[in-house]
Amino acid sequence: MEKAKNYELLAPQVESLAGGYSDEIAVMANVCAALRETMGYFWVGFYRVSGTELVLGPFQGSVACFKIPYGKGVCGTAWQRRETIVVEDVEQFPGHIACSSLSRSEIVVPLFDQTGEVRAVLDIDSTELGDFDDTDRQWLEQMMQAVARQLYT
């Protein structure tokens with residue numbers, strides 16, 4: 001229940017950070033900081049679509065992978081499937097790309113432009129197994145829809 005309450009308090013802040021400002025890097029940087037600070041995630045970051053790859057964007061946490069191919073790893077698969085992916089144990093995800101050996105569970109949420117194309121993905125990692133659930137999915141999708149409306153309209 002505490003998780004839902006934290007998201008309830010965080011959502012207006014994230015929407016406010018995106019509201020009225022269209023610089024992708026600046027908005028993504030502040031969204032990462034707000035998510036990591038409020039929720040205590042191990043790693044929070046964006047990967048932006050560039051051709052056939054996702055390229056590292058703003059993030060909070062340890063050093064990360066620079067590029068992820070379309071359809072590869074959790075991020076590339078979320079882009080390919082065009083849907084949020086929740087992974088309880090990253091070691092059980094086929095083709096998982098291990099940017100950090102400390103990451104144990106993960107959630108990836110795509111951001112869509114107004115034509116329905118994926119423009120970026122939000123990637124969040126935890127050091128705990130099974131740390132993400134439907135509550136995370138619902139709140140993060142809602143927040144990323146607000147961010148995407150601001151950035152890609």
inquiry  = Tell me the closest heavy-atom pair linking Ser62 and Phe42, and the distance in Å.
reply    = OG-CZ, 3.8 Å
Within one Ile-Leu-Val-Met-Phe-Trp-Tyr cluster: Val90 and Leu122, side-chain cutoff 4.5 Å = no
Any side-chain heavy-atom pair of Leu35 and Val31 under 4.5 Å = yes
remark   = For Ala78 and Pro110 the tightest heavy-atom approach is O-CG, 4.0 Å
ask   = Which pair of heavy atoms, one from Ser50 and one from Val55, lies closest together, and at what distance?
value = CB-CG2, 3.6 Å
key: Residues, nucleotides or ligands: over 12 heavy atoms within 6.0 Å of Gln142 CD   = yes
message = To the nearest 0.5 Å, what is the distance between CG on Leu111 and CD on Glu24?
response = 9.0 Å
query = Cluster question for you: counting only ILVMFWY and a side-chain heavy-atom cut-off of under 4.5 Å, with indirect links fine, are Ile107 and Met39 together?
reply = yes
inquiry  = Taking Tyr70's backbone N and O only, do any of them form a donor-acceptor pair with Thr52's side chain (distance below 3.5 Å, no angle check)?
reply    = no
query = Nearest 0.5 Å, what's the CD-CE distance between Gln60 and Met28?
reply = 14.0 Å
query = In Å and rounded to the nearest 0.5 Å, what is the CD to CZ distance from Glu88 to Phe132?
reply = 11.5 Å
task = Kindly indicate whether the side chain of Val109, heavy atoms from C-beta on, has any atom under 4.5 Å from the side chain of Val121.
result = no
ask   = Trp139 pairs by side-chain contact (heavy atoms from CB on, under 4.5 Å) with which of Met143, Glu141, Arg137?
value = Met143
ask   = Going from CZ on Arg149 to CD on Gln114, what distance comes out if it is rounded to the nearest 0.5 angstrom?
value = 12.0 Å
ask   = Looking at Asp136 and Lys3, does any basic side-chain N land under 4.0 Å from a carboxylate oxygen?
value = yes
task = Consider only side-chain heavy atoms of I, L, V, M, F, W and Y, link residues closer than 4.5 Å, and tell whether Leu151 and Val108 are in one cluster.
result = no
message = Please determine whether residues Phe46 and Leu10 belong to a single hydrophobic cluster, defined as Ile, Leu, Val, Met, Phe, Trp and Tyr linked transitively by side-chain heavy-atom distances below 4.5 Å.
response = yes
task = Go through the steps to decide whether Val74 and Asp123 satisfy the test side chain to side chain contact (heavy atoms under 4.5 Å, CB included), and finish with yes or no.
result = CA-CA 9 Å; Val74 182; Asp123 180 17; 5.9 Å; no
task = Please report the closest heavy-atom contact between Arg82 and Phe112, naming both atoms and the distance.
result = O-CZ, 3.5 Å
inquiry  = Starting from Leu140, can I reach Ile85 by hopping between I/L/V/M/F/W/Y residues whose side chains sit under 4.5 Å apart?
reply    = no
inquiry  = Under the ring-ring contact (aromatic ring centres under 6.0 Å, His included) definition, can you give me all pairs with a residue in residues 50-69, not counting sequence neighbours?
reply    = Trp43-Phe59
message = Is there a side-chain contact between Glu117 and Val49 in this structure, where contact means two heavy atoms from C-beta onward sitting under 4.5 Å apart?
response = no
Interatomic spacing from CZ in Arg48 to CG in Leu56 - rounded to 0.5 Å = 9.0 Å
remark   = Rounded to the nearest 0.5 angstrom, the NZ-CG distance for Lys67 and Leu54 is 11.5 Å
query = What's the shortest heavy-atom distance between Gly45 and Cys32, and which atoms?
reply = CA-SG, 3.7 Å
Closest heavy-atom pair and its distance - Glu106, Cys75 = OE2-SG, 4.2 Å
key: Side-chain donor-acceptor pair present, Tyr47, Glu53, cut-off under 3.5 Å   = no
